Every structure is written in structure tokens, then in C-alpha cells.
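Data first, discussion second: the structure below is written as C-alpha cells.
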Amino acid sequence: MIESRYIRQEIMPQIGESGQALLAQAQVAIVGLGALGSVSSEILARSGVGYLRLIDRDVVELSNLQRCALYTEEDANAATSKALAARDHLKSINSTIYTEPQVCEVNSSNVLKLLSGVDLILDGSDNFEVRALINEAANKLGIPWIYTGVLGALSMVMPILPGGPCLRCLSPTVPEPGSYPTCTTNGVLPSTTRIAATLQATQALKLLLNKPKLPSIPLKELPTTTLYQIEVWEPEFEMVTVEKNPACAVCGLHHYELLENHDLL
Ligand SMILES: [Zn+2]
């Protein structure tokens, strides 16, 4: 008898053979295939998630190799598109899954089309403007997504479910580009991005195995989610409860400022 390639996770009670079959049918969009997306897409491909939509406009550069798990010097020398290089490497890791590369930037005029039809969206972007746009699109489409941010030695991961708190409940305003620290200005460790992407991919598997239903909102109790923060240099793990803000522009009032203003992005 041939042993299943997924036997090590199928024997886990959290997954089982039935869970593995669900993963084979699951569809995930990954926005950004840099340090985060290259690790989380690899974990999902190895785990047997059946369909991955791989979205990135950039090409592989030498400075990416410090932290982007999937890529090689050959990719950087040839300036291969990240989405195409990721597709090729993921297919060589698991030829049984389907990958759909999208070489394009995500903006207000294409985001709904790019993210529609999937069960889950993973944030592998590196700026708040794209995350805020994903937040609006996911809310409008009713698709769960996982916000993931990294800076220096700090990782942040927050699952955002339809009906629950969103990114704008955590951070009500969208900061101006260039007004906040990023990995480009402040740096990042390859271990920071791996921890963040590993936690993101694990939460992704959990969500795909237990498709979230819209939470009913009790009168006195608002739904919450958890922001996980991991510091890798002086190791520390923190869980912060984030409450839904009923007056939130996006998940409370459904006012999609970025989606509706094509001049903003
Ligand atoms: Zn909100």
C-alpha cells in the first residue's frame, strides 16, 4: 500500500482524512509573494491546499533572497516575476495542486476581481494601503482574511472574519504612505517573517477546516478577534483581544472609501 503524502498531518486529530479532503478543495488567494507569501504559500502547497492564487507585480531581486524562502539566485539573475517563479517552485514541490499566477499590482479597480471566488485571503503585502484595500474588498465579498505584519524582530498576525472586527477596528485611519516605519526603512529578520508566515499559514489551515459562519451578534457583546504578536529577538508572545467597533467605517458602516475612489490607489 502506498502511504499518503499527507500521512503526518492526516493522523493529527485536527485534520484527519476528511480534513485533508477539505484542504484539497480549498481555494486561497495570497496577496504578495515576498518574505511572507513565499513561506505561507509553500506551507499551504506542502499541506495539499488544492488551489493557490499567487498575486505579485514584482520580480525576484538579489536582496529578496535574505528572507524569501521560495526563490533562488537563478530567479534573481533572470529577474523572474515572483508570481511565475513561485508557481514553478510550488509545482515542483506539489504537482497535485493548482496554482494561478497573477502578475499585477493590486489596486482599487482590480482588487474585487482578483480576490473573488476564494475561501480565504492571505496578506503578504508590505504596506498599509494594500492591507486597507484588502480589508475593504474582503468585507464587501464576505471572505475571511489574515492580516500579517512584520517589522524588525516583531511579527503580528490577526485573523479577520466576516461579521467580526476588521483591520480598521484595530487601526481606524489609513496612514499616509511614507509616514510609518516599514521593513524598507527599519529592516526585518528572516526569522521574523518565517514566524509570522508560519502562524499565518497555520491559522489558514484552521479556517479552511472549520469554515467560519457569520457570528450572530448578541445585544451586549460584540464579536472579538485576537491579534498575535511575537517578538523573536528578546522572545515574547502576546495575545491582544480586538473588539468590533460598531462605528467602524468598513465593517460597521460598510463605507468602502478606497474601493470607491479609484484615484486613491
Ligand atoms: Zn472594522
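These numbers come from a predicted model, not from an experiment.
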- Item | Main-chain N/O of Thr184 paired to Thr182 side chain as donor or acceptor, under 3.5 Å | yes
- Item | Leu122 to Ala204 - nearest heavy-atom pair and separation | CD2-CB, 3.9 Å
- Message: Keeping Tyr180 on the side-chain end and Phe128 on the backbone end, is there a donor-acceptor pair under 3.5 Å?
- Response: yes
- Residue that, paired with Gln102, satisfies side chain to side chain contact (heavy atoms under 4.5 Å, CB included) out of Arg53, Arg57, Lys113: Arg53
- Message: Would you say that Trp233 contacts Ser191 through its side chain, given a criterion of any heavy-atom pair below 4.5 Å between the two side chains?
- Response: no
- Item | Flag, side chain of Ser40 to backbone of Ala201, donor-acceptor distance under 3.5 Å | no
- Message: Under the rule for salt bridge (Lys or Arg N to Asp or Glu O under 4.0 Å), what residues qualify as partners of Arg46, not counting sequence neighbours?
- Response: Glu42
- Query: Heavy atoms, side chains only, cut-off 4.5 Å: are Pro172 and Cys248 in contact?
  - Reply: no
- So, does Ser95 use its side chain to make a donor-acceptor pair with the main chain of Lys91 at under 3.5 Å? no
- Message: Can you confirm whether more than 12 heavy atoms, excluding those of Gln66, are under 6.0 Å from its CD atom?
- Response: yes
- Which heavy atom of Leu205 sits nearest a heavy atom of Leu23, and at what distance? CD2-CD2, 4.0 Å
- Message: Under the rule for side-chain hydrogen bond (donor to acceptor under 3.5 Å, both in side chains), what residues qualify as partners of Thr72, not counting sequence neighbours?
- Response: Asp75
- Message: Test your reading of the model: is there a side-chain donor-acceptor pair from Thr225 to the backbone of Val242, 3.5 Å cut-off?
- Response: no
- Contact check, side chains of Glu136 and Glu260, non-hydrogen atoms, under 4.5 Å: no
- Message: Looking at every heavy atom in both Leu167 and Asn135, which two are closest together, and how far apart are they?
- Response: N-OD1, 3.1 Å
- Message: For a quick test of reading the model, state the closest non-hydrogen atom pair linking Ala132 to Leu258 and the distance between them.
- Response: CB-CD1, 3.4 Å
- Query: Is there a donor-acceptor pair under 3.5 Å between the side chain of Thr198 and the backbone N or O of Arg194?
  - Reply: yes
- Query: Between Gln20 (side chain) and Gln9 (backbone), is there a donor-acceptor pair under 3.5 Å?
  - Reply: no
- Message: Please determine whether residues Ile30 and Val150 belong to a single hydrophobic cluster, defined as Ile, Leu, Val, Met, Phe, Trp and Tyr linked transitively by side-chain heavy-atom distances below 4.5 Å.
- Response: no
- Sidechain-backbone polar pair: Asn110 side chain, Glu105 backbone, donor-acceptor under 3.5 Å: yes
- Not counting sequence neighbours, which residues clear salt bridge (Lys or Arg N to Asp or Glu O under 4.0 Å) with Asp56? List them please. none
- Query: With no hydrogens and no angle check, is any side-chain donor or acceptor of Asn210 less than 3.5 Å from a backbone partner on Lys206?
  - Reply: yes
- Query: Taking all non-hydrogen atoms of both residues, which atom of Leu90 and which atom of Ala45 are closest, and how far apart?
  - Reply: CD2-CB, 3.8 Å
- Task: Check Leu253 against Pro246 and note the closest heavy-atom contact, atom names and distance.
- Result: CD2-O, 4.5 Å
- Under the side-chain hydrogen bond (donor to acceptor under 3.5 Å, both in side chains) test, which residues partner His254, sequence neighbours left out? Asn139, Tyr256
- Message: If we ignore hydrogens and angles and just use 3.5 Å, is the side chain of Ser155 paired with the main-chain N or O of Thr192 as donor and acceptor?
- Response: yes
- Message: Tell me every residue that passes ring-ring contact (aromatic ring centres under 6.0 Å, His included) with Tyr51, counting only those two or more places apart in sequence or in another chain.
- Response: Tyr98
- Item | Ile93 atom CD1, over 12 foreign heavy atoms within 6.0 Å | yes
- Query: Got a second to check how far Glu243's CD is from Leu170's CG, nearest 0.5 Å?
  - Reply: 12.0 Å
- Message: Would you say that Arg168 contacts Glu257 through its side chain, given a criterion of any heavy-atom pair below 4.5 Å between the two side chains?
- Response: yes
- Could you pull out all residues at least two apart from Leu115 that satisfy side chain to side chain contact (heavy atoms under 4.5 Å, CB included)? Ala29, Val31, Ile55, Val111, Ile121, Ile134, Ala137, Leu141
- Taking everything shown except Glu236 itself, do over 12 heavy atoms lie less than 6.0 Å from its CD? no
